[in-house]
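Read the structure below first, then the notes.
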Amino acid sequence: MEFAALAERAERVAAHDGDIETTLAVADLLADAGDGGANHGSTDDLPVVVRFLLGRVFPAHDTRTLDVGPALCREAIARAAGPNVDAADVEDRLAERGEIGAVAAAYDFGGQRGLAAFGSGRDALTVAALDEELRNLAAASGDGSESRKRDALFGLFTRCSPSEAAFLARLVLGEMRLGVGEGTVRDAIAEAFLTSETAHDGAESGDDDDGPADGDGPELTAPDDAVAAVERALQVTNDYGRVAVRARDEGIAGLREESLRVGRPVQAMLAQAGTATDALDAFGEVAVETKFDGARVQVHYAPHGAEADDGVPDGDAPGGEGTALGPRLYSRNMDDVTDALPEIVEFVADRVDAPVILDGEVVAVDDDGDPLPFQEVLRRFRRKHDIDRMREAVSLRLHAFDCLHADGDDLLDEPLTARHERLHEFLPDAAADLTVAADTDSIAAEERAALDAGHEGVMLKNPDAAYTPGDRGRDWLKRKPDVETLDAVVVGAEWGEGRRAELFGTFLLAVREGDESAAQNAGNDAADRDAGGRDADDPAPPGYATVGKVATGITDETLADLTERLEPHVVDETGTTVSFDPELVVEVGYEEIQTSPTYSAGYALRFPRFVGVREDKGVDDADSLARVRRFAGDD
DNA sequence: GCTGATGCGTC
DNA sequence: GTCGGAC
DNA sequence: GTCCGACGACGCATCAGC
């Protein structure tokens, strides 16, 4: 498939309104992409197209990365745009247009202009060639690799028509903005390859279509069990490209062969926010667990067989019974994090004596076993160097709360209580407590106990629910304390992207910094400031200290309002960033105050969200650094 | 060798 | 992670 | 309900550049 064709079709997909239309357009595209492989013996573009639509070059469980971000992409675009353009120009244009793809397209690098390339096919990019180029680019490392990546990307842009350039820029940044996400692709795979018309094999998928068409508008025709088969295959496989190919070539029956396997991570089951009342209404009896503030970990372990080889459980290894596998630990996004967490590996290896897949949370603890801030977990979680040394500095502990596979039994469809029993059988001293409650008082008591112990809150689970990987459904609810609130001064902003192209997308917040102990924070003295009153490293005006940024919790309407209101007060603008004189006070919700190496207050808000404008407050009434310090518990 | 910039993945 | 908007 | 895409802070790894 020509890259130009993909880019154009992607534009059309993005232009569709409505889920059904979008899904059908994607399904068409997948069917066409699949043709090449199935019928013409050329390279199979289907898996690549599927991943590209999702803004990926590699499947989720693949550890490879492009290591191309906004900065490098801007440089490559600038170079392709000619000698008179530099990265700063590109950023200025980005601030205007609010979309890197549009910026790249507007430069018009001259590749494949019009139909001139017809026949001669001069250097026309194919999807397969682009995929290979990007994979090569990802493989670059070591000295000079950054410029090699820039060169490679530059070379690609050079060969791009405007619509290709837009696609490429968004692809390398992983932001396709097509309105096509995993849900759409899942439905589109079923629609493309598993409807009664398109089904590859005879596996009759049932006649549970939606019945007679209502006549108006297009409809999806893939049967529910086809969608379910695609979904299940995705859950255990985490590879959209592979599942699409399998659906096309082997139909529903082939998809059903993809199943749980020790050594291959499964998508994590997720939770929605909810209250005790929500849970009681929905479940009757509620399974209550404490919600740990750590990092999700999935444990895979197959202790028996030959000598445990700690072998890499690569996707296609037979991996069945009899193949020993040392404990492997996977993050929520299925990265292998085994090496960073040796004590968890040892802990599991010392206790478990059968093949298992466990789900849990790794937390940092102090010498008393009490939980430490999330930041401490981060110091360990993806570490590659000095692991043994950091192991001394930050202790980790596993709280396991689920069991997906035990000694040959797949437990995904078992009720939570049964899975928890199996878990307890294998890891009694790491299994999280699960108490069943039937009224709000006992749930409240559990919640209080969890918070008093320093945890994040509680999980409220349906005791009868199956484990549904990747699902953020209502069977698991998370309950955290109500947000706290701070009245901060808006001292800067950043122009938005995409939907927020014409608006500010982010606001920089500050608190009043009294003269009591202003010198406490380095680089914050008046003497360090330039004539303009703003330190290059600290965009806070004199008398203020920054505490973070907000970008969410704002409706489109009030965002437009804020933009209009603040734009006249811009005192400085570089690239996509502006600063204001202190004027507007804003109420901001947050979950926690954490120490910050980034902001001049020395603190930052965790999970900040906009609550409202404090029209009743002037800047002198805004909260102070002293108050922040007090809330942080550091007074 | 060290520091800052950049990117990635955790929440 | 949070949130708003579209369906 | 579900999906999608606007965005937050943080700490580690890596590379460029001094």
Side-chain angles (χ1 to χ4, degrees), chain A residues 17-23 55 60 63 65-75 98 140-150 173-187 270 272-273 292-297 331-335 337 340 361-362 373-387 390 394 456 471-474 478 480 483 494 496-501 503-509 537 547-559 588-599 603-611:
Chain A
D17 324 318
D19 295 345
I20 293 173
E21 259 189 77
T22 304
T23 305
T63 54
T65 53
L66 255 29
D67 288 322
V68 172
L72 208 149
C73 187
R74 284 197 301 265
E75 287 174 19
S141 72
D143 276 4
S145 60
E146 216 163 89
S147 58
R148 290 202 298 282
K149 287 182 191 216
R150 197 191 326 107
L173 297 181
E175 298 169 348
M176 295 309 294
R177 293 191 245 254
L178 300 174
V180 174
E182 300 185 356
T184 305
V185 171
R186 181 234 297 136
D187 293 349
L270 305 172
Q272 277 182 359
F292 302 101
D293 191 8
R296 194 81 174 262
V297 161
S331 71
R332 190 176 115 177
N333 281 341
M334 295 152 294
D335 269 13
V337 292
E361 189 94 356
V362 164
F374 176 70
Q375 283 158 296
E376 296 298 314
V377 182
L378 284 185
R379 296 174 65 196
R380 291 287 316 274
F381 200 58
R382 291 172 58 235
R383 177 173 286 279
K384 285 188 181 178
H385 309 299
D386 297 327
I387 291 172
M390 282 307 295
V394 180
E456 206 182 2
D471 193 18
R472 189 183 290 279
R474 316 140 315 277
K478 52 181 168 184
K480 302 197 248 188
V483 296
E494 285 162 33
E497 285 195 53
R499 204 161 60 200
R500 296 189 177 170
L503 306 167
F504 290 134
T506 301
F507 299 95
L508 179 63
L509 305 170
D537 296 329
V547 285
K549 296 187 271 200
V550 229
T552 191
I554 318 173
T555 63
D556 289 357
E557 194 189 349
T558 86
L559 191 56
V588 181
Y590 60 91
E591 187 148 319
E592 183 180 37
I593 291 176
Q594 54 195 345
T595 64
S596 168
T598 308
Y599 292 100
Y603 297 95
L605 308 181
R606 176 141 84 138
F607 308 147
R609 54 264 218 183
F610 177 88
V611 173

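Chain identifiers are assigned alphabetically (A, B, ...) following the order of the sequence lines, protein sequences preceding nucleic acid strands; residue numbering begins at 1 within each chain.
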What contact category does [X] fall into here, base, sugar-phosphate, or nothing, at under 4.0 angstrom with non-hydrogen atoms?
| X | value |
| --- | --- |
| A:T595 | sugar-phosphate |
| A:K478 | sugar-phosphate |
| A:E175 | nothing |
| A:R383 | sugar-phosphate |
| A:R499 | base |
| A:I20 | nothing |
| A:R186 | sugar-phosphate |
| A:F381 | sugar-phosphate |
| A:L508 | nothing |

Handout entry: Phosphate OP1/OP2 of D:dC4: any A:T184 side-chain N/O under 4.0 Å
Key =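 For A:T184, the contact criterion (side-chain N or O under 4.0 Å from OP1 or OP2 of D:dC4) is met.
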Practice task
Nearest 0.5 Å please: distance from the CZ atom of A:R606 over to the CD atom of A:Q375.
Solution key: 8.0 Å
Exercise for the section: Taking only the side-chain heavy atoms of A:D335 (C-beta and beyond), determine which of B:dG9, C:dG4, C:dG1 contains the nearest atom. Expected result: B:dG9
Fill in the blank from the handout: Testing B:dC11, D:dG11, B:dG7 for proximity to the side chain of A:F374, the answer is B:dC11
